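A short write-up of the structure that comes next.
Since the structure is predicted, the reported quantities are computational estimates derived from the model, not experimental observations. The figures that follow rest on heavy atoms only: side chains count, while hydrogens, waters and symmetry mates do not.
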There are 2 protein chains.
Amino acid sequence: MLKRLSKYKTKLGNKKKATIKDIANVLNISPAAVSKALHDDSRISEKTKKAVKQVAKNLNYQPNHLASALRKGKSNLVGVIVPRTNSNFFSSVIQNMEEVLNRKGYNIIITQSNESYKKECANIDTLLFTQVDGIIASMANETVDLSYYEKIKSKGIPLILFDRGENDLNVDYIGINDYESSHMIVEHLVNQGCKRIAHIGGYKHTRIYNNRIRGYIDALGKHHLPLENELLIESNLTTEDGRIKMQQLLKLKKRPDAVYVAGDYAALGALQVLNEQHIDVPNDIALVGFGDEPFTGMVTPTLSSVNQQSSEIGRLAALTFLEHSKKDVVTQSLNKQILDAELIVRESSKKSKN
Amino acid sequence: MLKRLSKYKTKLGNKKKATIKDIANVLNISPAAVSKALHDDSRISEKTKKAVKQVAKNLNYQPNHLASALRKGKSNLVGVIVPRTNSNFFSSVIQNMEEVLNRKGYNIIITQSNESYKKECANIDTLLFTQVDGIIASMANETVDLSYYEKIKSKGIPLILFDRGENDLNVDYIGINDYESSHMIVEHLVNQGCKRIAHIGGYKHTRIYNNRIRGYIDALGKHHLPLENELLIESNLTTEDGRIKMQQLLKLKKRPDAVYVAGDYAALGALQVLNEQHIDVPNDIALVGFGDEPFTGMVTPTLSSVNQQSSEIGRLAALTFLEHSKKDVVTQSLNKQILDAELIVRESSKKSKN
DNA sequence: GTTTTATGGTTAAACGTTTAAGCATAACTA
DNA sequence: TAGTTATGCTTAAACGTTTAACCATAAAAC
């Protein structure tokens with residue numbers, strides 16, 4: 001009796017949030033019964049359930065996520081690591097991922113690596129520290145050392161990679177067919193009559209860019225075009241570097257008549273240089289980017305590019321995580337889902353003679 | 001003895017994560033001592049601290065954030081709500097916010113409203129459910145009803161708004177001086193010789209857009225230019241709507257000789273229309289955007305715009321939250337921090353005669 | 001030589017849930 | 001009527017920390 005009174009006092013004093021205990025007290029049942037009622041446990045009568053839910057509403061009860069996560073050993077939080085969010089691709093992936101996961105009661109924590117390996121490691125620590133139930137990531141350009149990702153695996157937490165992934169890690173991966181996309185692009189340029197096709201590619205150590213490079217090389221071969229070293233350039237694919245690499249190409253004795261850039265931002269830099277030098281795009285030099293960022297349709301001339309299926313990638317990444325979380329045995333099942341990309345032909349590669 | 005054995009067994013079986021209990025067992029001290037040692041409590045000897053930290057490292061101990069958050073009643077998580085992340089402004093704000101908060105042991109959860117009021121409410125629920133210690137938000141365009149934000153205040157959780165904020169809510173706010181920015185822009189256009197300056201503005205019910213509109217009107221007055229209704233248009237400021245509103249302006253009997261658009265994306269749409277109709281920008285019609293998105297320097301002609309101090313806003317928002325979290329009394333102190341913005345003049349508003 | 005004060009811990013409760021196990025009571029079965 | 005089963009709860013422990021309160025022991029003070 002005394003105990004109850006004092007409890008009541010403090011409750012009034014602090015104006016604390018309502019807990020299941022408060023609900024239990026009102027109805028004179030046990031907290032356990034309340035918990036079960038709120039979760040529609042079959043062992044609780046409909047009458048009690050209804051009463052509990054009513055009182056919960058009256059008291060403005062909000063479940064304490066921390067407590068339930070601690071007890072259940074899962075946080076219902078999924079960590080996401082992306083190089084940056086201010087790209088349409090990543091932000092669209094995230095949006096679709098979120099949609100799927102929210103429906104299943106998961107929330108996501110987004111972190112950005114800013115293409116920095118160090119930041120990426122810090123992000124992983126942050127997410128592990130926050131007890132996420134899984135991590136969905138796209139790796140920074142810089143990342144070569146994978147030991148930090150091994151750390152995730154060793155904790156038994158599902159890890160799913162998308163876009164920028166690494167085969168060697170042996171984890172699930174969702175991405176587009178980069179190799180095939182390069183074929184599409186080269187084929188398209190050949191159809192436009194181009195004969196000296198250059199490629200400003202990404203870092204070779206990143207799998208997707210390596211695949212695009214391989215696709216470029218093989219496609220040249222397929223169309224009996226010679227592969228020239230000076231036409232294949234490695235870049236960090238920023239706008240600034242796109243400018244630099246384009247200037248480099250323009251200095252060649254034999255200029256290319258088409259440039260395929262592995263990223264839209266770098267393609268934009270290249271386009272700026274071409275415009276500044278009053279080179280006719282596409283008739284003198286055709287240009288194709290990669291990623292289908294919104295600005296590709298905004299610049300002059302509009303920029304051909306490859307749509308990367310961001311929505312589908314986000315959806316599949318989320319579903320893959322959910323698949324993992326269903327089974328309690330954490331088998332990293334090495335399931336690679338490769339989607340077909342779509343070439344969006346715009347002005348920068350559509351020659352007028354066609 | 002038996003108990004210990006069984007405990008050891010399960011530990012081997014599940015390969016569970018190490019806890020402070022495990023560390024305590026190794027050193028034959030109490031878990032409480034371990035906790036204190038890890039937090040450098042003065043009541044623990046240096047020797048013990050060192051030993052504890054060594055064992056912690058050996059066992060690959062990671063503190064269980066959930067447990068500590070539950071016990072301490074705070075999650076060290078800050079929720080962030082932005083209309084979208086794929087804008088340079090918001091992504092830069094977030095990045096700077098994160099930097100400041102990470103240093104103080106806080107992590108952030110980013111959510112996007114996609115300019116939808118409904119999604120925004122869902123985000124607030126999500127964040128409250130996740131037991132964040134504070135919320136930093138920029139409101140969706142759609143948002144008019146503020147009851148959901150009141151919900152945050154009523155929970156006693158610090159709420160800080162930036163960029164898109166509402167005076168009426170009486171909470172901390174960080175933003176730029178929109179009113180003054182409009183003055184700067186109009187003054188600049190007047191200096192370029194423009195006499196019929198139009199404004200494609202945002203929704204009047206959003207404070208920042210309203211301030212820009214007021215600034216525009218007052219600046220016209222200051223320069224003795226008449227305010228004409230047909231030159232002041234309300235828009236949702238998407239690229240598409242920028243196109244539509246520009247077309248509307250071009251249909252006027254007396255066209256404007258300058259257009260000030262309250263957002264870069266809409267300004268881009270306007271620019272597209274002008275380019276398509278081969279109208280000389282800036283000589284026939286000068287154009288100024290708002291936000292200094294990276295693409296403003298990429299389009300042809302490059303687009304004058306206003307830099308919104310994203311880094312500083314992010315930093316200040318974070319610091320303001322930290323200020324709140326220091327005092328346990330949650331006083332919403334109504335502290336408005338207004339920064340000066342910077343006009344970046346590019347080709348679209350620099351007339352050749354100047 | 002007794003009292004005071006540091007020093008360096010220990011104990012136990014608490015945070016709010018969830019859940020395995022237990023236990024009345026009622027209802028049905030044979 | 002005794003035995004079984006179903007219904008609808010209750011009890012108590014557990015999740016991993018933190019922290020207030022307590023307690024030895026040793027050193028210092030008087």
Side-chain angles (χ1 to χ4, degrees), chain A residues 3 6-7 10-11 14 16-52 56 59-76 105 128-131 133 155 328, chain B residues 3 6-7 10-11 14 16-52 56 59-76 105 128-131 133 155 328:
Chain A
K3 196 176 162 195
S6 80
K7 205 147 207 176
T10 48
K11 204 180 122 198
N14 304 14
K16 295 286 278 183
K17 290 171 206 162
T19 71
I20 51 171
K21 236 176 195 166
D22 298 323
I23 301 177
N25 281 342
V26 170
L27 295 172
N28 255 319
I29 58 177
S30 71
V34 173
S35 173
K36 286 178 182 161
L38 290 172
H39 290 91
D40 277 323
D41 190 296
S42 64
R43 313 295 309 257
I44 301 291
S45 71
E46 283 306 321
K47 204 176 92 187
T48 308
K49 280 182 193 171
K50 219 164 228 168
V52 165
L59 296 183
N60 193 21
Y61 168 76
Q62 294 272 128
N64 184 323
H65 171 249
L66 259 28
S68 102
L70 173 61
R71 174 60 229 245
K72 293 199 292 190
K74 60 178 296 196
S75 64
N76 271 48
L128 292 178
F129 173 75
T130 317
Q131 317 280 125
D133 290 341
K155 292 248 176 227
D328 29 341
Chain B
K3 196 178 162 196
S6 81
K7 206 151 206 175
T10 48
K11 205 181 123 199
N14 304 16
K16 295 289 277 184
K17 291 170 205 162
T19 71
I20 51 171
K21 235 176 196 166
D22 298 322
I23 300 177
N25 281 343
V26 170
L27 294 172
N28 256 320
I29 57 177
S30 71
V34 173
S35 173
K36 286 179 181 159
L38 290 173
H39 290 91
D40 278 323
D41 190 296
S42 65
R43 314 294 311 255
I44 302 292
S45 71
E46 283 305 322
K47 204 175 93 185
T48 308
K49 281 183 191 170
K50 222 167 224 169
V52 165
L59 295 182
N60 193 21
Y61 168 76
Q62 295 271 130
N64 185 324
H65 171 248
L66 259 29
S68 102
L70 173 60
R71 175 59 229 245
K72 293 200 292 192
K74 62 179 293 198
S75 63
N76 271 48
L128 292 178
F129 172 75
T130 317
Q131 316 279 128
D133 291 340
K155 292 248 175 225
D328 28 343

Whole angstrom is fine here: how far is it from [atom1] in [X] over to [atom2] in [N]?
{"X": "K74(B)", "N": "dA14(C)", "atom1": "NZ", "atom2": "P", "value": "23 Å"}
{"X": "L66(A)", "N": "dA14(C)", "atom1": "CG", "atom2": "C1'", "value": "15 Å"}
{"X": "K17(A)", "N": "dC15(C)", "atom1": "NZ", "atom2": "P", "value": "14 Å"}
{"X": "N28(B)", "N": "dG8(C)", "atom1": "CG", "atom2": "P", "value": "19 Å"}
{"X": "H65(A)", "N": "dG16(C)", "atom1": "NE2", "atom2": "C1'", "value": "13 Å"}
{"X": "K21(B)", "N": "dT11(C)", "atom1": "NZ", "atom2": "P", "value": "13 Å"}

Residue met sooner reading DNA chain C from 5', once L70(B) and P31(A) are mapped to nucleotides: L70(B)
Earlier contact from the 5' end, DNA chain C, for A33(A) and R71(B): R71(B)
Contacting residues from residues 36-48 of chain A, given that a heavy atom lies under 4.0 angstrom of DNA chain C: K36(A), H39(A)
Approximate separation, where rounding is to 0.5 Å, of R71(B) CZ and L70(A) CG: 13.0 Å
Gap between atom CG of D133(A) and atom NZ of K72(A) - 0.5 Å precision: 9.5 Å
Non-hydrogen atoms of P63(A) and F129(B) that approach each other most closely: CG-CE1, 4.2 Å
Shortest non-hydrogen separation from A69(B) to S75(B) and the atoms involved: CB-CA, 3.7 Å
Angle of first-five versus last-five pair axes in the helix from dG1(C)-dC30(D) to dA30(C)-dT1(D), to 10 degrees: 50°
K155(B), NZ atom: more than 12 neighbouring heavy atoms under 6.0 Å: yes
Side-chain donor/acceptor of N76(B) to backbone N/O of G105(B), under 3.5 Å: yes
Sugar-phosphate only, base, or nothing, as touched by S68(A) at under 4.0 Å among non-hydrogen atoms: sugar-phosphate
Sugar-phosphate only, base, or nothing, as touched by I29(B) at under 4.0 Å among non-hydrogen atoms: sugar-phosphate
Pairwise side-chain contact, [X] with [Y], heavy-atom cut-off 4.5 Å (strictly under):
{"X": "E46(B)", "Y": "K49(B)", "value": "yes"}
{"X": "V52(A)", "Y": "I44(A)", "value": "no"}
{"X": "T19(B)", "Y": "N64(B)", "value": "no"}

Contact under 4.0 Å: S30(B) side-chain N or O vs dT11(C) OP1/OP2: no
Listed nucleotide nearest any side-chain atom of K72(A), set dT18(D), dT17(D), dT19(C): dT19(C)
Residue whose closest nucleotide on DNA chain D lies nearer the 5' end, V34(A) versus T19(B): V34(A)
